Amino acid sequence: MAESPQRPRRPRPLSPFVTIYHWPVTMATSITHRVTGMGLAAGTVLLAWWLVAVSSGPDAFAEFNALAGTPLGEVILFLIAWSLAFHLLNGVRHLAWDMGYGFTKDAARNNSWLVVVGSIALAALVFALAYAGHGGYYQ
């Protein structure tokens, strides 16, 4: 049996580069859900530090408050609040998916945007209430 002639090989296609690839909002929220989960784990360490500071007395609590009151500390606190809000709202969305709701492409895109916007609004509301003195944070 004679060998068939080899055809010239075409170069393999390359994956699109990051700058030209368009991330669907559903993919971005899925990745963000994982990142916020890791952020909440780190935030738990800060929560433990705060609880230890509260139970250790006024000096330790004043030291924690001094660090948390800096601009960087407030950004970190906001990111933890946003992570919690995002993870909560996205978890509710996943619960709806587990019950069979919201699987159409349009519904998934729309409720992804609701999670993003709602989490930012919820975190901003928490900070607005804290700055207004509700809950005893700035009294």
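As the structure is a computational prediction, the values presented were derived from the model and not from experiment.
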Hey, could you give me each pair passing salt bridge (charged side-chain N to carboxylate O under 4.0 Å, His left out) that has a residue in residues 54-68? Not counting sequence neighbours. none

For Val25 and Ser112, work out which heavy atoms get closest and say how close. CG1-CB, 3.7 Å

On a heavy-atom basis, the closest approach of Ala60 and Ser56 is CB-CB, 3.7 Å

Considering all heavy atoms of both residues, which atom of Ala123 and which atom of Ala81 are nearest to each other, and what is their separation? CB-C, 4.1 Å

Students should find that the hydrophobic cluster of Leu114, defined by side-chain heavy atoms under 4.5 Å apart, otherwise consists of none

Got a sec, which hydrophobics cluster with Val54, joining ILVMFWY side chains under 4.5 Å apart, including via others? Leu46, Leu47, Trp49, Trp50, Leu51, Phe61, Phe64, Leu67, Leu72, Ile76, Ile80

Same cluster for Phe127 and Leu40 if Ile/Leu/Val/Met/Phe/Trp/Tyr side chains link at under 4.5 Å? no

Show every side-chain hydrogen bond (donor to acceptor under 3.5 Å, both in side chains) that has at least one partner inside residues 75-85, sequence neighbours left out. Trp82-Ser119

With rounding to the nearest 0.5 Å, note down the distance linking CG in Asn111 to NE2 in His94. 9.5 Å

side-chain hydrogen bond (donor to acceptor under 3.5 Å, both in side chains) contacts touching residues 33-43 (sequence neighbours left out): Ser30-Arg34, His33-Asn90, Thr36-His87

Beyond-backbone contact of Val126 with Phe78, side-chain heavy atoms, under 4.5 angstrom: no

Give a yes or no on whether Trp97 atom CH2 has more than 12 heavy-atom contacts from other residues, nucleotides or ligands under 6.0 Å away. yes

Which of these passes side chain to side chain contact (heavy atoms under 4.5 Å, CB included) with Phe86: Val35, Ile120, Thr29? Thr29

Okay, side chain of Thr70, backbone of Ala66: is any donor-acceptor separation there less than 3.5 Å? no

Would you give me the side-chain donor-acceptor pairs under 3.5 Å for residues 99-107, sequence neighbours excluded?
from: Thr104; atom 1: OG1; to: Ala107; atom 2: N; distance (Å): 3.2
from: Asp106; atom 1: OD1; to: Arg109; atom 2: NH1; distance (Å): 3.1
from: Asp106; atom 1: OD1; to: Arg109; atom 2: NH2; distance (Å): 3.2

Path from Leu122 to Leu84 over hydrophobic side-chain contacts below 4.5 Å: no

